[in-house]
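Below is one structure, written out as structure tokens; comments come after it.
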Amino acid sequence: MKEIYDKILELEGIPGYSKHQQLVQGIINAIDDKVVSKNDMLPSVNSMIKELGVARETVAKAYRELVSRGIVESKNRMGYYVSTNDVNRPTQVALVLFNHGSLQEVFLKYFRAHLPAEIHFDTFFHHNKIENFENIIQSILGKYSMYIITPIPHPKTREILRLLPINKLLMIDRYEPIDGDFSHITQEFEQSTYRAFADLNDRIQRYDELIFFHHVASSTPIEIVKSFKKYLKDFKMKGSIRTEYISGSVEKGKAYFTLQNIELWTLIKDCKEKGLTIGKDVGIISHNDDLIKEIVCDGITTYSADFMLLAQKAAEFVINPEKIKETIPTILKIRNSL
């Protein structure tokens, strides 16, 4: 029994973990680490109270949750017993993404397509707000067999993600360093951005200036900003960073780089209204590819991670959760907009 208590006490002091969550996750970890196995007896409510100093209702609540999830069974007048060794079977997946946009729709479509029908997942969106992110993580703790998380670049992220069992965590899309040996399938922004601009340099140099719209408070990776500045310096290209695109401000002889689709569509609309030919009078580069960008204006030049591949690999991890540390390749697609 001491080893079970040790597994519970290992979680003591983790910010945000309630006593109830500590008991639930501690017992799950004990089963996961083969401290106890199917049909083994677990500590009684009175023993938990004595050894851990927790309230009777807290212990009862933890056992009720474990019973409801099929991990523990209660035998009348005999106590609580482990009912399964398969606590990691990924039938319930929590999927936490940035927002609900076209890329997320692509990801969700292909993620679902590569999962067996019996595996269920719930999707949450934090919209790059740390308060939302923290509330979501708190609300899903201990309720899922697998956690697939797109993190926020924020000082509190490491502490928040400590709450999740690291062997059941997959970080996707954006990499953020956290404690422990965790799995991740993510993008790389700095080198891939610089390489894209370098490969496009001959086309970019046909324009007087390259303008990048960067919203300081947005989720734009800072690595993209650094690479943009480095490209301008290394290739002696005139360029500037503006906080937003002002409707109607498009100019002939300029090339524009944007990460925001709403800005892209407004820019295209303004070009048409002013009679400017995209790819000749005005150049456009967009981050993150999708079907519309392939079609509109005979094609928008993009560089993008392969979100279909990301979805496929995330689904494979759910089915077979072996450690993975992989960077999704970034693909440059040169089209008629530049």
Side-chain angles (χ1 to χ4, degrees), residues 1-76 78-94 96 122 133-149 151 156-171 178-183 317-318 321-323:
M1 293 293 182
K2 181 181 181 301
E3 289 178 306
I4 298 175
Y5 295 132
D6 288 343
K7 287 294 176 184
I8 294 170
L9 291 171
E10 281 177 4
L11 303 175
E12 201 165 42
I14 294 180
Y17 248 26
S18 67
K19 287 293 184 181
H20 158 251
Q21 291 166 333
Q22 185 182 342
L23 292 175
V24 170
Q25 194 58 54
I27 290 172
I28 289 173
N29 291 349
I31 299 169
D32 192 31
D33 294 341
K34 298 180 173 53
V35 170
V36 286
S37 301
K38 185 176 180 179
N39 297 323
D40 285 350
M41 189 176 186
L42 293 166
S44 68
V45 173
N46 287 336
S47 296
M48 287 278 204
I49 295 169
K50 180 179 178 182
E51 293 293 329
L52 302 174
V54 292
R56 180 176 297 276
E57 179 52 32
T58 302
V59 181
K61 182 182 177 183
Y63 271 136
R64 283 197 300 270
E65 179 174 330
L66 290 164
V67 170
S68 69
R69 292 168 60 181
I71 296 170
V72 168
E73 61 179 326
S74 173
K75 296 183 179 180
N76 191 30
M78 295 177 63
Y80 294 96
Y81 291 78
V82 178
S83 61
T84 179
N85 294 326
D86 198 15
V87 292
N88 284 320
R89 186 167 179 262
T91 55
Q92 300 285 329
V93 179
V96 181
D122 292 322
F133 186 66
E134 185 169 19
N135 289 337
I136 289 168
I137 298 302
Q138 290 279 4
S139 70
I140 63 178
L141 276 175
K143 297 178 181 177
Y144 293 87
S145 314
M146 186 81 63
Y147 301 87
I148 300 179
I149 310 291
K156 290 184 69 176
T157 295
R158 183 192 298 262
E159 176 184 307
I160 293 168
L161 289 182
R162 280 186 65 203
L163 301 176
L164 298 173
I166 203 160
N167 61 319
K168 300 174 185 177
L169 170 66
L170 175 66
M171 184 183 294
I178 61 173
D179 299 329
D181 185 21
F182 65 99
S183 290
F317 180 84
V318 172
E322 295 184 358
K323 277 284 187 292

Is the positively charged end of Lys75 above the ring of Tyr80, judged by distance under 6.0 angstrom from the centroid and angle within 45° of the axis? no
So Arg56 and Val45, side chain to side chain contact (heavy atoms under 4.5 Å, CB included) or not? Walk me through it. CA-CA 7 Å; Arg56 180 176 297 276; Val45 173; 3.8 Å; yes
Minimum heavy-atom separation for Ile149 to Phe133, with atom names? CG2-CE1, 3.7 Å
Determine whether Ile178 and Arg162 satisfy the following criterion, side chain to side chain contact (heavy atoms under 4.5 Å, CB included), listing intermediate values before the conclusion. CA-CA 8 Å; Ile178 61 173; Arg162 280 186 65 203; over 6 Å; no
Consider side-chain contact (heavy atoms from CB on, under 4.5 Å). Of Lys168, Met171, Lys323, which one does Ser183 pass it with? Lys323
If you compare all heavy atoms of Leu141 against all heavy atoms of Leu163, which two are closest, and at what distance to 0.1 Å? CD2-O, 3.4 Å
For the CG atom of Leu23 and the CG atom of Leu42, what is their distance to the nearest 0.5 Å? 11.5 Å
Ignoring hydrogens and geometry, is there a side-chain-to-backbone donor-acceptor pair from Tyr147 to Tyr144 under 3.5 Å? yes
Under 3.5 Å, side-chain donor or acceptor atoms of residues 59-67 against the rest of the protein: list the pairs with distances, not counting sequence neighbours.
unit_1: Tyr63; atom_1: OH; unit_2: Pro43; atom_2: O; d: 2.5
unit_1: Arg64; atom_1: NH2; unit_2: Glu57; atom_2: OE2; d: 2.6
unit_1: Glu65; atom_1: OE1; unit_2: His20; atom_2: NE2; d: 2.8
unit_1: Glu65; atom_1: OE2; unit_2: Arg69; atom_2: NH1; d: 3.1

Identify the two heavy atoms, one from Leu9 and one from Gln22, that lie closest to each other, and give their separation to 0.1 Å. CA-NE2, 4.0 Å
dist Leu170:CG -> Ile148:CD1 (nearest 0.5 Å) comes out at 5.5 Å
Nearest 0.5 Å please: distance from the CG atom of Asp122 over to the CD atom of Gln92. 7.0 Å
Nearest-0.5 Å distance, CD1 of residue Ile137 to OG1 of residue Thr157: 9.5 Å
Ignoring hydrogens, what is the shortest heavy-atom contact between Ile140 and Ala94? Give both atom names and the distance. CD1-CB, 3.8 Å
For Ser74 and Tyr81, what are the C-alpha separation, side-chain angles and deciding distance, and is it a side chain to side chain contact (heavy atoms under 4.5 Å, CB included)? CA-CA 6 Å; Ser74 173; Tyr81 291 78; over 6 Å; no
Okay, side chain of Gln21, backbone of Ser18: is any donor-acceptor separation there less than 3.5 Å? yes
Under the rule for side-chain contact (heavy atoms from CB on, under 4.5 Å), what residues qualify as partners of Glu322, not counting sequence neighbours? Asn320
Glu134 side, atom CD; Glu159 side, atom CD - distance, nearest 0.5 Å: 7.0 Å
Residue among Leu164, Ile8, Leu11 satisfying side-chain contact (heavy atoms from CB on, under 4.5 Å) with Gln25: Leu11
Looking only at heavy atoms, the pair that brings Asn85 and Ile31 closest together is CA-CG2, 4.1 Å
Check whether more than 12 heavy atoms from other residues, nucleotides or ligands sit under 6.0 Å from atom CD of Glu3, and answer yes or no. no
What heavy-atom pair brings Ser83 and Lys38 nearest, and what distance separates the two atoms? O-CE, 3.4 Å
Under a 3.5 Å distance rule, please check whether Asp33 uses its side chain to pair with a backbone N or O of Ala30 as donor and acceptor. no
